[in-house]
Amino acid sequence: MKAEDSATDSSAIAVSGGRAGIRDDTPAGIRDDGPLGDRDGDRDGGPARRPDDTQAPPAPSAPRIGTVLAVLGVAAFSLTFPATAWALTGLGPWSVTTCRVVLAALIAGGAMAALRVPVPDRRHWPGLLVVAAGVVVGFPLLTTLALQTSTTSHAAVVVGLLPLTTAAFSAVRTGVRPSRVFWAAALAGAAVVIVFAVQQSGGALTTGDLYLFGALVACAAGYTEGGRLAGHMPGWQVIGWALVGCLPLSLPGAVFALLGEDIHLDGRTVAGLLWLAAGSQFVGLVVWYRGMAAIGVARASQLQLAQPLLTLVWSVLLLGETLTPAAPIAAVAVLVCIGVTQRARVPAGANRDNRP
């Protein structure tokens, strides 16, 4: 969670030590006036740098950094279902959902208070409410209810459709249309996930599947709006303000849930809840939104095609579930689709909304 200094529009941020009021997005060690620093010498009157001066190696490109951040987010999300299963061993579904939100909100609120982050502009709050409804409340609650009857491996492959739904929401919200190759690869990856899900469940849809499909819609909307807002403010502040905004409801909700459901705390329950709050609900979303802001919502969402396969691995290692022989085949197919979507052309501005 990098303190990126302000919840104001990113285009208005001035760089400390630079020219007042001018945005500087140049990676560390590379100035916008040339790889050798100031053309006219040091700003304090020193001599200009010579070509043989020792220079810091160029930083990775923004798209590469964005991809790494999005991958880290996917890795964090891949542990969400196993952590939820652990938390459900000692807590009810409503207690798990509300407590994870309260704990994550306390972490985010504490960080923003310590850094004196200003309140976002009024124009950003409708989007923050969409993020809160989708990824803070909707997705956690619906998937927790689904995991009462579904295995984590089954839930993981159904939610593998999330990249396609996110890309669709992004296209509608931003008006950006990815290329046909992009959509073909995305649909192929989604088809692999669907076939894998049907093979796992025997072709029968359950109540848990309905919860999971509802979670897909809620999460896709939250991801899309969060990715858009991450173009205006640091990603950690997007999810931070969404969490804090939910406190008036989540805090009393947690009290009622804990009083109304059976509670049997043990090490697994506590570990699962802590990961959901700190890892999935905050850290994962921080790096995920930052990654989407860098490489675009549609393209970043395709990296999530690997998430169900990672979750399958965790379900075996952490929960003792049986991995079917079809999993390696699906893994290879999905990774191929990811490679194609990453190389397919996405129009410039896919990660930007139409700013007023």
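Computed from a prediction, not measured in an experiment: that's the story for all the values here. Heads up: numbering here begins at 1 and tracks the sequence.
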Decide yes or no for [X] and [Y]: does some side-chain heavy atom of the first lie under 4.5 Å from some side-chain heavy atom of the second?
{"X": "D209", "Y": "H154", "answer": "yes"}
{"X": "V137", "Y": "C246", "answer": "yes"}
{"X": "W314", "Y": "T152", "answer": "no"}
{"X": "L162", "Y": "Y223", "answer": "yes"}

Work out which heavy atom in [X] is nearest to a heavy atom in [Y]; give both atom names and the distance.
{"X": "V136", "Y": "A242", "answer": "CG2-CB, 4.1 Å"}
{"X": "A108", "Y": "G240", "answer": "CB-CA, 3.6 Å"}
{"X": "P82", "Y": "S78", "answer": "CD-O, 3.6 Å"}
{"X": "L247", "Y": "P252", "answer": "O-CD, 3.8 Å"}
{"X": "P120", "Y": "M233", "answer": "CB-CE, 4.0 Å"}
{"X": "A155", "Y": "L212", "answer": "CA-CD1, 3.7 Å"}

From [atom1] ([X]) to [atom2] ([Y]), nearest 0.5 Å:
{"X": "F256", "Y": "W94", "atom1": "CZ", "atom2": "CH2", "answer": "13.5 Å"}
{"X": "F77", "Y": "L72", "atom1": "CZ", "atom2": "CG", "answer": "10.5 Å"}
{"X": "D121", "Y": "H232", "atom1": "CG", "atom2": "NE2", "answer": "10.0 Å"}
{"X": "T143", "Y": "L141", "atom1": "OG1", "atom2": "CG", "answer": "8.0 Å"}
{"X": "F81", "Y": "L88", "atom1": "CZ", "atom2": "CG", "answer": "11.5 Å"}
{"X": "Y289", "Y": "L69", "atom1": "OH", "atom2": "CG", "answer": "14.5 Å"}

Give a yes or no answer on whether the side chain of [X] reaches the backbone of [Y] with a donor-acceptor pair at less than 3.5 Å.
{"X": "E261", "Y": "S95", "result": "yes"}
{"X": "T224", "Y": "A220", "result": "yes"}
{"X": "S153", "Y": "L312", "result": "no"}

Starting from [Y], can I reach [X] by hopping between I/L/V/M/F/W/Y residues whose side chains sit under 4.5 Å apart?
{"X": "V244", "Y": "V130", "answer": "no"}
{"X": "I239", "Y": "W125", "answer": "yes"}
{"X": "V270", "Y": "V102", "answer": "no"}
{"X": "L147", "Y": "L310", "answer": "yes"}
{"X": "V158", "Y": "L303", "answer": "yes"}

Evaluation steps, side-chain contact (heavy atoms from CB on, under 4.5 Å), between C99 and L273
CA-CA 8 Å; C99 286; L273 183 61; 4.1 Å; yes
Mind running side-chain contact (heavy atoms from CB on, under 4.5 Å) on W86 and L91 for me, showing each step along the way?
CA-CA 9 Å; W86 275 15; L91 294 170; over 6 Å; no
Regarding T269 and T89, is there a side-chain donor-to-acceptor distance under 3.5 Å anywhere?
yes
Assess whether side-chain contact (heavy atoms from CB on, under 4.5 Å) is satisfied between T165 and V217, documenting all intermediate values.
CA-CA 7 Å; T165 54; V217 175; 5.9 Å; no
Hey, is CG on D262 packed in by over 12 heavy atoms from elsewhere, all under 6.0 Å?
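At most 12 heavy atoms, drawn from other residues, nucleotides or ligands, come within 6.0 Å of this atom.
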Parallel, tilted or perpendicular for F282 and W236, by the 30°/60° rule?
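F282 vs W236 ring planes: perpendicular.
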Apply side-chain contact (heavy atoms from CB on, under 4.5 Å) to residues L79 and L318 and explain how you reach the verdict.
CA-CA 10 Å; L79 282 163; L318 300 178; 3.8 Å; yes
